[in-house]
Amino acid sequence: MPELPEVETTLRGIAPYLQGQRIARVTVRDPRLRWPVPEDVRKAEGQRVVQLRRRGKYLLVELEQGGLIIHLGMSGSLRVLHQSRTPEKHDHFDIELENGTCLRFNDPRRFGAFLWVDGPVDAHELLRHLGPEPLSDDFTARYLHRLSHGRKLAIKNFIMNGQVVVGVGNIYASEALFMAGIHPQRAAGRISAQRYAGLVDAIRDVLNRAIKMGGTSLRDFVNADGAPGYFTQELLVYNRAGGDCFQCGGRIRQKVIGQRSSYYCPVCQR
DNA sequence: ATTGACTCCTGATGGC
DNA sequence: TGCCATCAGGAGTCAA
């Protein structure tokens with residue numbers, strides 16, 4: 001999926017067209033997503049978009065009364081259409097504005113979500129237990145170090161857990177751990193405060209740079225204009241199994257950790 | 001409480 | 001060309 005940088009890229013791409021505009025119609029063409037799309041989403045019709053925000057990998061559409069939550073899942077994308085286009089396969093829903101602009105959601109794997117929230121959009125249960133935003137001041141080495149105390153799970157799984165920190169998915173977890181020189185399988189509780197400081201810096205740095213490049217497109221991520229992200233060419237280890245480590249010249253390895261492919265340099269990462 | 005396995009689904013890819 | 005296995009960026013849920 002879209003990880004934090006891809007969701008942020010999507011947000012920045014669609015926000016200018018949505019903020020302050022009035023929603024004319026919500027059309028659900030195929031409600032089969034991660035959870036069936038509720039009829040309630042049509043409560044958005046006639047309402048003005050007060051604000052568009054991101055929380056972790058969730059896009060939040062705050063309306064005058066209630067709001068919408070959109071998650072891109074693994075293969076979802078949102079496109080802004082300036083003129084009408086024939087819906088294609090996997091185009092699950094449209095949010096049409098009074099000014100004629102249309103936001104169209106496509107998701108082949110159907111792991112995405114489109115939900116209605118009564119009341120404040122942040123109050124939804126899905127968002128209740130999320131950890132801090134990695135680009136906020138709440139995300140510190142001290143916080144990570146304390147939270148990891150005594151925990152034996154692999155550091156990669158630890159930082160990919162949304163209750164620990166949001167937005168770090170499989171690609172950027174591998175990248176940040178390489179940058180910080182930490183082996184992805186190291187027990188989270190066996191990493192010093194100092195090394196956590198390096199990891200926090202690495203996570204912030206890789207996410208910020210990826211946002212600047214419009215995200216990573218391995219196969220299907222496209223932004224609101226339908227263009228891919230360019231961070232793919234900046235990846236240091238992800239998807240580079242067998243390639244040379246840019247730091248030591250050794251061989252990049254691929255290993256399944258917690259059911260997900262992980263990439264790392266066994267020499268540089270301990 | 002913490003952890004790991006399983007699950008949802010379609011599509012791309014590679015081997016034979 | 002077809003068939004089959006494998007893999008894919010997420011994350012909720014369940015069982016141990």
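The sequence lines fix the lettering, A, B, ..., with proteins before strands; numbering per chain opens at 1. Heavy-atom basis, side chains included; hydrogens, waters and symmetry copies ignored.
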Which residues pass the side-chain hydrogen bond (donor to acceptor under 3.5 Å, both in side chains) test with A/Glu39, sequence neighbours left out? none

If I take atom CZ in residue A/Arg260 and atom C1' in nucleotide B/dA5, what distance separates them, rounded to the nearest angstrom? 13 Å

Rounded interatomic separation in angstrom, taking CE from A/Met74 and C1' from C/dG12: 13 Å

Between atom CG in A/Leu115 and atom C1' in C/dA11, what is the gap in whole Å? 13 Å

When you get a sec, tell me which of C/dG10, C/dA8, B/dG11 is the closest nucleotide to the side chain of A/Pro108? B/dG11

Would you please confirm or rule out a distance under 4.0 Å between OP1 or OP2 of B/dT3 and any side-chain N or O of A/Lys152? no

Any A/Gln185 side-chain nitrogen or oxygen under 4.0 Å from OP1 or OP2 of B/dG4: no

Rounded to the nearest Å, what distance is computed from the CG atom of residue A/Leu33 to the P atom of nucleotide C/dG12? 15 Å

Would you say a side-chain N or O of A/Lys89 is under 4.0 Å from OP1 or OP2 of B/dT10? no

I'd like a table of atom pairs between the protein and nucleotides 12-14 of chain B - only N or O on both sides, under 3.5 Å - with the distance next to each one.
none

Salt-bridge present (A/Glu64, A/Arg22; N to O < 4.0 Å): yes

Could you verify whether a donor N or O on one side chain and an acceptor N or O on the other, from A/Asn106 and A/Lys89, lie under 3.5 Å apart? no

Short side-chain N/O contact to B/dT10 OP1/OP2 from A/His90, under 4.0 Å: no

Have a look at A/Asn170 and tell me which of A/Glu175, A/Glu3, A/Lys156 forms a side-chain hydrogen bond (donor to acceptor under 3.5 Å, both in side chains) with it. A/Lys156

Please determine if a side-chain N or O atom of A/Ser261 lies less than 4.0 Å away from the OP1 or OP2 oxygen of C/dA8. yes

Phosphate-side-chain proximity, A/Tyr172 and C/dG10, N/O vs OP1/OP2 below 4.0 Å: no

Watson-Crick and G-U pairing of DNA chain C written in dot-bracket, each distance under 3.5 angstrom, with | for inter-strand partners: .|||||||.|||||||

Below 3.5 Å between N/O atoms, which protein atoms pair up with nucleotides 6-8 of chain B? Just atom names and distances, please.
none

Separation of B/dG4 C1' from A/Lys156 NZ (nearest whole Å): 14 Å

If only atom types and distance count, is the side chain of A/Glu62 paired as donor or acceptor with the main-chain N or O of A/Val121 below 3.5 Å? no

Quick one: side chains of residues 227-237 of chain A, donor-acceptor pairs under 3.5 Å with protein atoms, not counting sequence neighbours, listed by atom name and distance.
residue, atom, partner, partner atom, Å
A/Thr232, OG1, A/Ser217, N, 3.0
A/Thr232, OG1, A/Ser217, O, 3.2

Quick one: side chains of residues 109-119 of chain A, donor-acceptor pairs under 3.5 Å with protein atoms, not counting sequence neighbours, listed by atom name and distance.
residue, atom, partner, partner atom, Å
A/Arg110, NE, A/Arg32, O, 3.1
A/Trp116, NE1, A/Asp118, OD1, 3.1

Common cluster, A/Val50/A/Tyr58, ILVMFWY with side-chain heavy-atom separation under 4.5 Å: no

